[in-house]
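Quick note on labels: first sequence line is chain A, next is B, and so on, each numbered from 1.
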There are 2 protein chains.
Amino acid sequence: MSLTHTEVTAELEPCGAEGHPDCGIRDVLDRIGDTWSVLVVVELASGPRRFSELQRAIDGVSQRMLTLTLRRLERDGLLSRSVHPSIPPQVTYTLTGPGRSLTHLVKALADWSLAHRPLIADARAAYDAAHPAHTIR
Amino acid sequence: MSLTHTEVTAELEPCGAEGHPDCGIRDVLDRIGDTWSVLVVVELASGPRRFSELQRAIDGVSQRMLTLTLRRLERDGLLSRSVHPSIPPQVTYTLTGPGRSLTHLVKALADWSLAHRPLIADARAAYDAAHPAHTIR
DNA sequence: CAGTATCCCGCTTGATACTG
DNA sequence: CAGTATCAAGCGGGATACTG
(Lines give C-alpha, C1' and ligand atoms only; values in the text may rest on other atoms or scores of the structure.)
Protein backbone atom coordinates (compact mmCIF):
# COMPACT_ATOMS: atom_id res chain seq x y z
CA MET A 1 0.00 0.00 0.00
CA SER A 2 3.03 2.24 0.05
CA LEU A 3 3.15 5.13 -2.37
CA THR A 4 6.90 5.50 -2.21
CA HIS A 5 8.55 6.80 -5.33
CA THR A 6 5.28 7.93 -6.88
CA GLU A 7 4.22 11.52 -7.30
CA VAL A 8 2.63 12.39 -4.00
CA THR A 9 2.27 16.10 -4.50
CA ALA A 10 -1.16 17.30 -3.43
CA GLU A 11 -3.22 18.76 -6.23
CA LEU A 12 -3.37 22.42 -5.35
CA GLU A 13 -5.28 24.92 -7.36
CA PRO A 14 -3.10 27.85 -8.31
CA CYS A 15 -4.05 30.88 -6.29
CA GLY A 16 -2.79 34.30 -5.59
CA ALA A 17 -2.69 34.90 -9.30
CA GLU A 18 -4.98 37.33 -11.05
CA GLY A 19 -7.61 35.22 -12.75
CA HIS A 20 -7.60 32.51 -10.09
CA PRO A 21 -10.07 32.07 -7.26
CA ASP A 22 -8.78 32.72 -3.75
CA CYS A 23 -7.66 29.35 -2.39
CA GLY A 24 -8.00 30.60 1.16
CA ILE A 25 -4.51 29.80 2.34
CA ARG A 26 -3.65 33.36 3.25
CA ASP A 27 -6.88 33.44 5.23
CA VAL A 28 -5.82 30.72 7.66
CA LEU A 29 -2.33 32.04 7.96
CA ASP A 30 -3.59 35.51 8.71
CA ARG A 31 -5.59 33.93 11.49
CA ILE A 32 -3.06 31.54 13.05
CA GLY A 33 0.20 32.60 11.46
CA ASP A 34 1.01 35.12 14.17
CA THR A 35 3.23 34.47 17.14
CA TRP A 36 0.66 33.50 19.75
CA SER A 37 -2.61 32.22 18.27
CA VAL A 38 -1.57 28.62 17.74
CA LEU A 39 -0.08 28.43 21.19
CA VAL A 40 -3.37 29.57 22.67
CA VAL A 41 -5.23 26.99 20.60
CA VAL A 42 -2.82 24.26 21.70
CA GLU A 43 -3.28 25.18 25.33
CA LEU A 44 -7.06 25.29 25.05
CA ALA A 45 -7.08 21.95 23.22
CA SER A 46 -6.78 20.18 26.55
CA GLY A 47 -9.65 22.08 28.11
CA PRO A 48 -10.93 25.51 29.21
CA ARG A 49 -8.43 27.87 30.79
CA ARG A 50 -8.50 31.11 32.70
CA PHE A 51 -6.62 34.17 31.54
CA SER A 52 -3.88 33.81 34.12
CA GLU A 53 -3.52 30.11 33.44
CA LEU A 54 -2.94 30.83 29.78
CA GLN A 55 -0.39 33.49 30.59
CA ARG A 56 1.54 31.11 32.80
CA ALA A 57 1.29 28.25 30.31
CA ILE A 58 2.44 30.26 27.31
CA ASP A 59 5.99 31.29 27.97
CA GLY A 60 6.85 34.84 27.05
CA VAL A 61 3.44 36.15 26.14
CA SER A 62 2.66 39.63 27.42
CA GLN A 63 -0.64 40.62 28.97
CA ARG A 64 -1.28 42.85 26.01
CA MET A 65 -0.62 40.23 23.35
CA LEU A 66 -2.58 37.55 25.17
CA THR A 67 -5.57 39.87 25.34
CA LEU A 68 -5.29 40.83 21.69
CA THR A 69 -4.88 37.21 20.60
CA LEU A 70 -7.87 36.04 22.63
CA ARG A 71 -10.03 38.86 21.29
CA ARG A 72 -9.18 38.04 17.70
CA LEU A 73 -9.89 34.33 18.18
CA GLU A 74 -13.14 35.20 19.92
CA ARG A 75 -14.14 37.51 17.12
CA ASP A 76 -13.59 34.73 14.59
CA GLY A 77 -15.74 32.39 16.66
CA LEU A 78 -12.87 30.01 17.42
CA LEU A 79 -13.17 30.37 21.16
CA SER A 80 -15.76 31.63 23.60
CA ARG A 81 -15.20 33.92 26.54
CA SER A 82 -17.31 33.47 29.67
CA VAL A 83 -17.19 35.87 32.57
CA HIS A 84 -18.06 34.62 36.03
CA PRO A 85 -18.92 37.81 37.90
CA SER A 86 -17.08 37.71 41.20
CA ILE A 87 -14.40 39.53 43.08
CA PRO A 88 -11.78 39.05 41.86
CA PRO A 89 -13.27 38.51 38.38
CA GLN A 90 -12.96 35.13 36.73
CA VAL A 91 -12.88 34.68 32.97
CA THR A 92 -12.73 31.34 31.21
CA TYR A 93 -11.82 30.67 27.59
CA THR A 94 -13.07 27.59 25.76
CA LEU A 95 -12.59 26.36 22.21
CA THR A 96 -15.76 26.31 20.13
CA GLY A 97 -16.56 23.65 17.53
CA PRO A 98 -14.62 25.40 14.77
CA GLY A 99 -11.84 26.05 17.26
CA ARG A 100 -11.57 22.37 18.11
CA SER A 101 -11.45 21.48 14.44
CA LEU A 102 -8.46 23.79 14.21
CA THR A 103 -6.53 21.56 16.60
CA HIS A 104 -6.35 18.89 13.92
CA LEU A 105 -4.73 21.31 11.56
CA VAL A 106 -2.31 22.38 14.25
CA LYS A 107 -1.54 18.75 14.95
CA ALA A 108 -0.68 18.27 11.28
CA LEU A 109 1.61 21.29 11.45
CA ALA A 110 3.40 19.95 14.50
CA ASP A 111 3.76 16.48 13.00
CA TRP A 112 5.21 17.80 9.77
CA SER A 113 7.61 20.00 11.67
CA LEU A 114 8.88 17.24 13.91
CA ALA A 115 9.24 14.88 10.97
CA HIS A 116 11.26 17.31 8.86
CA ARG A 117 13.19 19.24 11.47
CA PRO A 118 16.41 17.21 11.16
CA LEU A 119 16.40 17.39 7.37
CA ILE A 120 15.86 21.12 7.40
CA ALA A 121 18.55 21.67 9.98
CA ASP A 122 20.99 19.75 7.80
CA ALA A 123 19.95 21.66 4.70
CA ARG A 124 20.53 24.94 6.50
CA ALA A 125 23.92 23.93 7.75
CA ALA A 126 24.92 22.84 4.26
CA TYR A 127 23.63 26.06 2.71
CA ASP A 128 25.38 28.24 5.25
CA ALA A 129 28.61 26.31 4.75
CA ALA A 130 28.38 26.68 0.98
CA HIS A 131 27.43 30.36 1.14
CA PRO A 132 29.64 31.90 3.80
CA ALA A 133 28.77 35.44 4.85
CA HIS A 134 25.68 35.60 2.67
CA THR A 135 22.98 38.18 3.18
CA ILE A 136 20.25 35.67 3.93
CA ARG A 137 19.55 34.47 7.48
CA MET B 1 -18.35 5.15 12.08
CA SER B 2 -19.22 8.77 12.65
CA LEU B 3 -17.59 10.48 15.57
CA THR B 4 -20.18 13.20 15.78
CA HIS B 5 -20.82 14.53 19.24
CA THR B 6 -17.74 12.89 20.69
CA GLU B 7 -14.57 14.72 21.63
CA VAL B 8 -12.68 15.04 18.40
CA THR B 9 -10.00 17.38 19.63
CA ALA B 10 -6.56 16.24 18.50
CA GLU B 11 -4.29 15.28 21.35
CA LEU B 12 -1.73 18.01 21.37
CA GLU B 13 1.16 18.09 23.77
CA PRO B 14 1.32 21.38 25.59
CA CYS B 15 4.18 23.43 24.28
CA GLY B 16 5.52 26.89 24.57
CA ALA B 17 5.47 26.47 28.30
CA GLU B 18 8.61 26.30 30.36
CA GLY B 19 9.12 22.66 31.21
CA HIS B 20 7.59 21.37 27.98
CA PRO B 21 9.43 20.14 24.92
CA ASP B 22 9.17 22.29 21.82
CA CYS B 23 6.29 20.92 19.79
CA GLY B 24 7.67 22.49 16.63
CA ILE B 25 4.62 24.47 15.65
CA ARG B 26 6.39 27.79 15.74
CA ASP B 27 9.05 26.26 13.52
CA VAL B 28 6.69 25.58 10.62
CA LEU B 29 4.96 28.88 10.97
CA ASP B 30 8.25 30.73 10.99
CA ARG B 31 8.97 28.96 7.71
CA ILE B 32 5.65 29.28 5.87
CA GLY B 33 3.75 31.80 7.99
CA ASP B 34 5.07 34.76 6.06
CA THR B 35 3.28 36.51 3.24
CA TRP B 36 4.77 34.74 0.22
CA SER B 37 6.25 31.31 1.04
CA VAL B 38 3.07 29.27 0.76
CA LEU B 39 2.13 30.95 -2.48
CA VAL B 40 5.48 29.99 -3.93
CA VAL B 41 5.01 26.43 -2.73
CA VAL B 42 1.52 26.29 -4.23
CA GLU B 43 2.80 27.55 -7.55
CA LEU B 44 5.70 25.10 -7.62
CA ALA B 45 3.38 22.26 -6.66
CA SER B 46 2.28 21.98 -10.28
CA GLY B 47 5.83 21.87 -11.59
CA PRO B 48 9.12 23.77 -11.93
CA ARG B 49 8.93 27.46 -12.65
CA ARG B 50 11.27 30.23 -13.70
CA PHE B 51 11.75 33.37 -11.68
CA SER B 52 9.69 35.54 -13.98
CA GLU B 53 6.93 32.95 -14.19
CA LEU B 54 6.64 32.93 -10.44
CA GLN B 55 6.54 36.69 -10.32
CA ARG B 56 3.73 36.79 -12.86
CA ALA B 57 1.81 33.96 -11.17
CA ILE B 58 1.98 35.43 -7.68
CA ASP B 59 0.04 38.62 -7.72
CA GLY B 60 1.63 41.50 -5.90
CA VAL B 61 4.99 40.01 -5.01
CA SER B 62 7.94 42.33 -5.51
CA GLN B 63 11.20 41.26 -7.09
CA ARG B 64 12.92 41.71 -3.78
CA MET B 65 10.45 39.62 -1.75
CA LEU B 66 10.33 36.86 -4.33
CA THR B 67 14.11 36.63 -4.22
CA LEU B 68 14.19 36.60 -0.42
CA THR B 69 11.43 34.01 -0.21
CA LEU B 70 13.10 31.72 -2.75
CA ARG B 71 16.45 32.01 -0.98
CA ARG B 72 14.95 31.07 2.37
CA LEU B 73 13.09 28.07 0.95
CA GLU B 74 16.25 27.01 -0.82
CA ARG B 75 18.27 27.35 2.36
CA ASP B 76 15.82 25.08 4.16
CA GLY B 77 16.11 22.51 1.40
CA LEU B 78 12.47 22.85 0.35
CA LEU B 79 13.27 23.82 -3.20
CA SER B 80 16.26 23.67 -5.48
CA ARG B 81 17.59 26.40 -7.72
CA SER B 82 19.16 25.48 -11.03
CA VAL B 83 20.91 27.98 -13.26
CA HIS B 84 21.07 27.38 -16.96
CA PRO B 85 23.97 29.57 -18.09
CA SER B 86 22.80 31.49 -21.11
CA ILE B 87 22.12 35.02 -22.20
CA PRO B 88 19.75 36.08 -20.90
CA PRO B 89 20.19 33.87 -17.83
CA GLN B 90 17.61 31.23 -17.03
CA VAL B 91 16.92 30.03 -13.51
CA THR B 92 14.47 27.29 -12.61
CA TYR B 93 13.02 26.51 -9.20
CA THR B 94 11.78 23.04 -8.30
CA LEU B 95 10.29 21.60 -5.12
CA THR B 96 12.47 19.00 -3.44
CA GLY B 97 11.11 15.92 -1.64
CA PRO B 98 10.53 17.76 1.63
CA GLY B 99 9.09 20.64 -0.35
CA ARG B 100 6.56 18.38 -2.05
CA SER B 101 5.56 16.92 1.30
CA LEU B 102 4.78 20.48 2.34
CA THR B 103 2.11 20.69 -0.32
CA HIS B 104 -0.02 18.24 1.64
CA LEU B 105 0.12 20.48 4.65
CA VAL B 106 -0.77 23.46 2.54
CA LYS B 107 -3.64 21.52 1.05
CA ALA B 108 -4.94 20.84 4.55
CA LEU B 109 -4.70 24.55 5.33
CA ALA B 110 -6.65 25.48 2.21
CA ASP B 111 -9.31 22.84 2.87
CA TRP B 112 -9.82 23.97 6.44
CA SER B 113 -10.04 27.57 5.35
CA LEU B 114 -12.60 26.95 2.63
CA ALA B 115 -14.68 24.76 4.93
CA HIS B 116 -14.82 27.31 7.74
CA ARG B 117 -14.77 30.58 5.88
CA PRO B 118 -18.55 31.16 5.98
CA LEU B 119 -18.78 30.35 9.69
CA ILE B 120 -15.93 32.67 10.50
CA ALA B 121 -17.37 35.46 8.39
CA ASP B 122 -20.65 35.13 10.27
CA ALA B 123 -18.89 35.09 13.63
CA ARG B 124 -17.03 38.26 12.74
CA ALA B 125 -20.14 40.05 11.60
CA ALA B 126 -21.91 39.04 14.80
CA TYR B 127 -19.00 40.16 16.96
CA ASP B 128 -18.67 43.48 15.20
CA ALA B 129 -22.39 44.07 15.50
CA ALA B 130 -22.33 43.27 19.22
CA HIS B 131 -19.21 45.33 19.89
CA PRO B 132 -19.59 48.53 17.90
CA ALA B 133 -16.54 50.76 17.69
CA HIS B 134 -14.30 48.33 19.53
CA THR B 135 -10.52 48.54 19.39
CA ILE B 136 -10.06 45.13 17.79
CA ARG B 137 -10.01 44.67 13.99
C1' DC C 1 -7.70 38.90 38.43
C1' DA C 2 -8.22 40.52 34.04
C1' DG C 3 -7.81 43.63 31.69
C1' DT C 4 -6.91 48.88 29.12
C1' DA C 5 -3.87 52.78 27.69
C1' DT C 6 0.61 54.63 25.96
C1' DC C 7 4.88 54.76 24.20
C1' DC C 8 8.42 52.91 21.42
C1' DC C 9 11.40 49.84 18.90
C1' DG C 10 12.70 46.46 15.32
C1' DC C 11 11.77 43.60 11.59
C1' DT C 12 9.30 42.64 7.63
C1' DT C 13 7.75 44.50 3.50
C1' DG C 14 7.52 47.85 -0.37
C1' DA C 15 9.44 51.20 -3.80
C1' DT C 16 13.00 52.47 -6.50
C1' DA C 17 17.30 52.28 -8.85
C1' DC C 18 21.15 49.80 -10.66
C1' DT C 19 23.80 45.42 -12.90
C1' DG C 20 26.01 40.79 -14.88
C1' DC D 1 16.24 37.75 -17.25
C1' DA D 2 17.33 37.50 -12.70
C1' DG D 3 18.89 39.42 -9.67
C1' DT D 4 21.42 43.11 -5.75
C1' DA D 5 21.52 47.55 -3.11
C1' DT D 6 19.48 51.13 -0.60
C1' DC D 7 16.05 53.67 1.70
C1' DA D 8 11.71 54.40 3.89
C1' DA D 9 7.28 53.00 5.94
C1' DG D 10 4.02 50.22 8.67
C1' DC D 11 2.81 47.05 11.83
C1' DG D 12 3.56 43.49 15.16
C1' DG D 13 5.04 43.16 19.42
C1' DG D 14 7.45 44.51 24.17
C1' DA D 15 7.65 47.38 28.45
C1' DT D 16 5.38 49.93 31.60
C1' DA D 17 1.74 52.07 34.14
C1' DC D 18 -2.96 52.34 35.51
C1' DT D 19 -8.09 50.39 36.70
C1' DG D 20 -12.93 47.94 37.60
Legend entry - Pairs where residues 45-99 of chain A contributes a residue and the test ring-ring contact (aromatic ring centres under 6.0 Å, His included) is met, not counting sequence neighbours: none

Inset, instruction - To the nearest Å, give me how far apart CG (A/Leu54) and C1' (C/dC1) are. - result: 13 Å

Inset, instruction - Determine: side-chain N/O of A/Arg81 to OP1/OP2 of C/dG3, distance under 4.0 Å, yes or no. - result: yes

Inset, instruction - Round to the nearest Å and state the distance from B/Leu29 atom CG to D/dG13 atom P. - result: 12 Å

Legend entry - Atom-pair distance (CD on B/Gln55; C1' on D/dG3), nearest Å: 10 Å

Inset, instruction - Look at B/Tyr93 and D/dC1 and indicate whether a side-chain polar atom (N or O) is within less than 4.0 Å of OP1 or OP2. - result: no

Legend entry - For A/Arg117, all residues meeting salt bridge (charged side-chain N to carboxylate O under 4.0 Å, His left out), sequence neighbours excluded: B/Asp22, B/Asp27

Legend entry - Length of the line joining B/Leu66:CG and C/dT12:P, which is rounded to integer Å: 17 Å

Inset, instruction - Could you tell me the separation between the CG atom of A/Leu70 and the C1' atom of C/dG3, rounded to a whole number of Å? - result: 11 Å

Legend entry - salt bridge (charged side-chain N to carboxylate O under 4.0 Å, His left out) partners of A/Glu74, counting only residues at least two apart: none

Legend entry - Nearest-angstrom distance from the residue atom CD1 of A/Ile58 to C1' of D/dG14: 16 Å

Inset, instruction - For B/Glu53 and D/dG3, give me the distance from atom CD to atom P, rounded to whole Å. - result: 13 Å

Inset, instruction - Identify whether any heavy atom of B/Arg72 sits under 4.0 Å from a base atom; if not, whether one sits that close to sugar-phosphate; answer base, sugar-phosphate or nothing. - result: sugar-phosphate

Legend entry - Electrostatic pair A/Arg75-B/Asp128, nearest N-O below 4.0 angstrom: yes

Inset, instruction - Would you please name every residue forming a ring pair (Phe, Tyr, Trp, His ring centres under 6.0 Å) with A/His131, sequence neighbours left out? - result: A/Tyr127, A/His134

Inset, instruction - Quick one: stems involving DNA chain D, counted as three or more successive Watson-Crick or G-U pairs, both distances short of 3.5 Å. - result: C:1-20 with D:1-20

Inset, instruction - List the protein contact pattern of nucleotides 14-20 of chain C with one symbol per nucleotide (5' to 3'): B for base contact, S for sugar-phosphate-only contact, - for none; contact means a heavy-atom distance under 4.0 Å. - result: BB-B--B

Inset, instruction - Scan residues 97-127 of chain A for pairs that pass disulfide bond (SG atoms under 2.5 Å apart), counting only residues two or more places apart or in two chains. - result: none

Legend entry - Where at least one partner belongs to residues 71-137 of chain B, residue pairs that pass disulfide bond (SG atoms under 2.5 Å apart), sequence neighbours excluded: none

Inset, instruction - Let me know the distance between CZ of B/Arg49 and P of D/dC1, rounded to the nearest Å. - result: 17 Å

Legend entry - For B/Trp112, all residues meeting ring pair (Phe, Tyr, Trp, His ring centres under 6.0 Å), sequence neighbours excluded: B/His116

Inset, instruction - Establish, from distance only, whether the side-chain atoms of B/Ser52 and B/Arg49 form a donor-acceptor pair under 3.5 Å. - result: no

